[in-house]
There are 2 protein chains.
Amino acid sequence: MLKKEELPVCPVATTVDLIGNKWKLLILRELLKGTCRFNQLNRAIDGISQKVLTENLRQMENDGIVNRIVYAQVPPKVEYSLSDLGNSLRPIIDAMSDWGTNYLQENQNEKKED
Amino acid sequence: MLKKEELPVCPVATTVDLIGNKWKLLILRELLKGTCRFNQLNRAIDGISQKVLTENLRQMENDGIVNRIVYAQVPPKVEYSLSDLGNSLRPIIDAMSDWGTNYLQENQNEKKED
DNA sequence: CGGTATCCTTTTAGATACTG
DNA sequence: CAGTATCTAAAAGGATACCG
């Protein structure tokens, strides 16, 4: 039996530990649109480097959020997609998208009034 | 933090720029429960240092998410609370809380089967 | 109590070159 | 194409001392 002390007690902290950083949230945004190849992700996520993208994808794969399929062909083809667990994160990204949309609108209105 | 003019057009990226890091998400979790004094926050957020807490609170204040009220008394009393903008982030933290709750339950079940 | 200031360590990220 | 390896720069965070 698992000791309670080994589990983070707070649900928010648990989620934050798994996806609470800039790059993972942006990777999620991209993969929620559908399966993606490595370079597609690299281009779609503004400012991310190959190294950082690789590192974060590996972590998400280890955490069971992302699936990685390697096609045995030349040139190589690797497809990334969300697992069921990854897909279940959609409401979080949706909430962020909704909030951001609203925020950008307000911001736009402010600029008009200037 | 990006200046307003530099904000990416993407709503998710916008939200991520404002609150997409570990400590801000945990500060939000705490302040969504209600007004809080500095040391209360410091104790409630596991592992955060005084310095990091101060820095993040200042940024959130500058971004219009957090209100800071200083009472002119000795010993000092400073209360932090969420602005309307800050409160409007609630659905995001709620979604993270819901997901985390589920994740912890699944994790618990898995361990029982071991 | 609620901070600042300073110094130092750790973590994260960028740049570049190379490879199956 | 999809990485890895290496080195460096920058950002984040910790420890400690001090203050109104």
Side-chain angles (χ1 to χ4, degrees), chain A residues 8 13 16-31 33-63 65-82, chain B residues 1-3 6-8 13 16-31 33-63 65-82 86:
Chain A
V16 165
D17 279 336
L18 283 167
I19 57 155
N21 81 66
K22 174 177 173 173
W23 297 122
K24 283 180 186 169
L25 290 167
L26 295 178
I27 290 170
L28 271 175
R29 176 200 69 190
E30 236 24 60
L31 290 181
K33 297 177 188 169
T35 296
C36 230
R37 294 179 65 173
F38 184 84
N39 278 349
Q40 258 184 297
L41 282 173
N42 207 165
R43 280 189 299 270
I45 300 171
D46 196 51
I48 200 168
S49 69
Q50 195 176 41
K51 180 190 157 199
V52 170
L53 179 54
T54 303
E55 284 170 356
N56 280 279
L57 283 171
R58 292 288 174 280
Q59 287 170 18
M60 293 169 86
E61 203 189 339
N62 288 334
D63 290 336
I65 292 169
V66 161
N67 293 139
R68 178 171 179 263
I69 302 179
V70 182
Y71 294 88
Q73 59 182 55
V74 177
K77 175 177 170 180
V78 179
E79 279 187 349
Y80 290 93
S81 60
L82 293 179
Chain B
M1 186 71 58
L2 292 175
K3 292 175 193 166
E6 294 167 340
L7 278 177
V16 165
D17 279 336
L18 283 167
I19 57 154
N21 83 65
K22 174 176 173 173
W23 298 122
K24 283 180 186 169
L25 289 167
L26 295 178
I27 290 170
L28 272 175
R29 175 198 70 189
E30 236 24 60
L31 290 181
K33 296 177 188 169
T35 295
C36 229
R37 295 180 65 174
F38 184 85
N39 278 348
Q40 259 183 295
L41 282 173
N42 207 163
R43 282 188 299 270
I45 300 171
D46 197 51
I48 200 168
S49 69
Q50 194 175 41
K51 180 190 160 199
V52 170
L53 179 54
T54 304
E55 285 171 355
N56 280 279
L57 283 171
R58 292 289 174 278
Q59 288 171 17
M60 294 169 85
E61 204 189 339
N62 288 334
D63 291 335
I65 293 170
V66 160
N67 293 138
R68 178 171 179 264
I69 301 178
V70 182
Y71 293 87
Q73 60 183 53
V74 177
K77 175 178 171 179
V78 180
E79 279 188 349
Y80 290 93
S81 61
L82 293 178

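Bear in mind the structure is a predicted one, so any value in this text is a computation, not a measurement.
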Under the side-chain contact (heavy atoms from CB on, under 4.5 Å) rule, what do B:R68 and B:L57 come out as? Steps first, then yes or no, please.
CA-CA 9 Å; B:R68 178 171 179 264; B:L57 283 171; over 6 Å; no

Whole angstroms only, please: what is the NZ-P distance between B:K77 and D:dG20?
24 Å

Under 4.0 Å: is that the gap between some side-chain N or O of A:W23 and OP1 or OP2 of C:dA13?
yes

Given C:dG14, C:dC1, D:dA2, which nucleotide is nearest the side-chain atoms of A:V52?
C:dG14

A:Q50 side chain, from C-beta outward: closest of C:dG2, D:dC1, D:dA2:
D:dA2

Separation between CD of B:E30 and CG of B:L82, rounded to the nearest 0.5 Å:
11.0 Å

Would you mind reading off the distance between B:N21 atom CG and C:dT12 atom P, rounded to a whole angstrom?
12 Å

Please state whether the phosphate of C:dG2, meaning OP1 or OP2, lies under 4.0 angstrom from any side-chain nitrogen or oxygen of B:R58.
no

Output the single nucleotide from C:dT4, D:dC1, C:dA13 whose closest atom is nearest the side chain of A:K51.
C:dA13

Is A:S49 near enough to C:dG14 that one of its side-chain N or O atoms lies under 4.0 angstrom from OP1 or OP2?
yes

Distance, rounded to the nearest Å, where B:E55 contributes CD and C:dG2 contributes P
18 Å

Give B:P76 one of three labels, base, sugar-phosphate or nothing, depending on what nucleic acid heavy atoms sit under 4.0 Å from its own.
base

Chi angles and distances behind the side-chain contact (heavy atoms from CB on, under 4.5 Å) call for B:D46, B:L26:
CA-CA 9 Å; B:D46 197 51; B:L26 295 178; over 6 Å; no

List the steps and the verdict of side-chain contact (heavy atoms from CB on, under 4.5 Å) for B:Q59 and B:N56.
CA-CA 5 Å; B:Q59 288 171 17; B:N56 280 279; 4.3 Å; yes

What is the distance from CG of B:N39 to P of C:dC1, rounded to the nearest Å?
6 Å

Hey, could you give me the CD1/CD1 distance between B:I45 and B:I27, rounded to the nearest 0.5 Å?
5.0 Å

How many whole angstroms separate atom CG of B:L57 from atom C1' of D:dG13?
16 Å

Between the two end axes of the helix from C:dC1-D:dG20 to C:dG20-D:dC1, each built from 5 base pairs, what angle do you get to the nearest 10°?
60°

Please list, chain by chain and in numerical order, all residues satisfying side chain to side chain contact (heavy atoms under 4.5 Å, CB included) with B:R43, sequence neighbours excluded.
B:N39, B:Q40

Validation row: A:T35, A:I69 side chains within 4.5 angstrom (heavy atoms):
no

If I compare all heavy atoms of A:L31 with all of A:Y80, which pair ends up nearest, and what's the gap?
CD2-O, 3.6 Å

Gap between atoms CD and C1', on A:Q40 and D:dA2 respectively (whole Å):
13 Å

Closest to the A:T54 side chain, choosing from D:dG13, C:dG2, D:dT4
D:dT4

Can you tell me how far C1' of C:dG2 sits from CD of B:E79, to the nearest Å?
13 Å

Measure the distance from CZ on A:F38 to C1' on D:dG3 and round it to the nearest whole Å.
6 Å

Under-4.0 Å side-chain N/O to phosphate OP1/OP2 contact, B:Y80 with C:dG3
yes

Closest to the 5' end of DNA chain C, once B:R37 and A:N56 are matched to their nearest nucleotides, is B:R37

Please determine whether a side-chain nitrogen or oxygen atom of B:R43 lies at a distance below 4.0 Å from atom OP1 or OP2 of C:dC1.
no

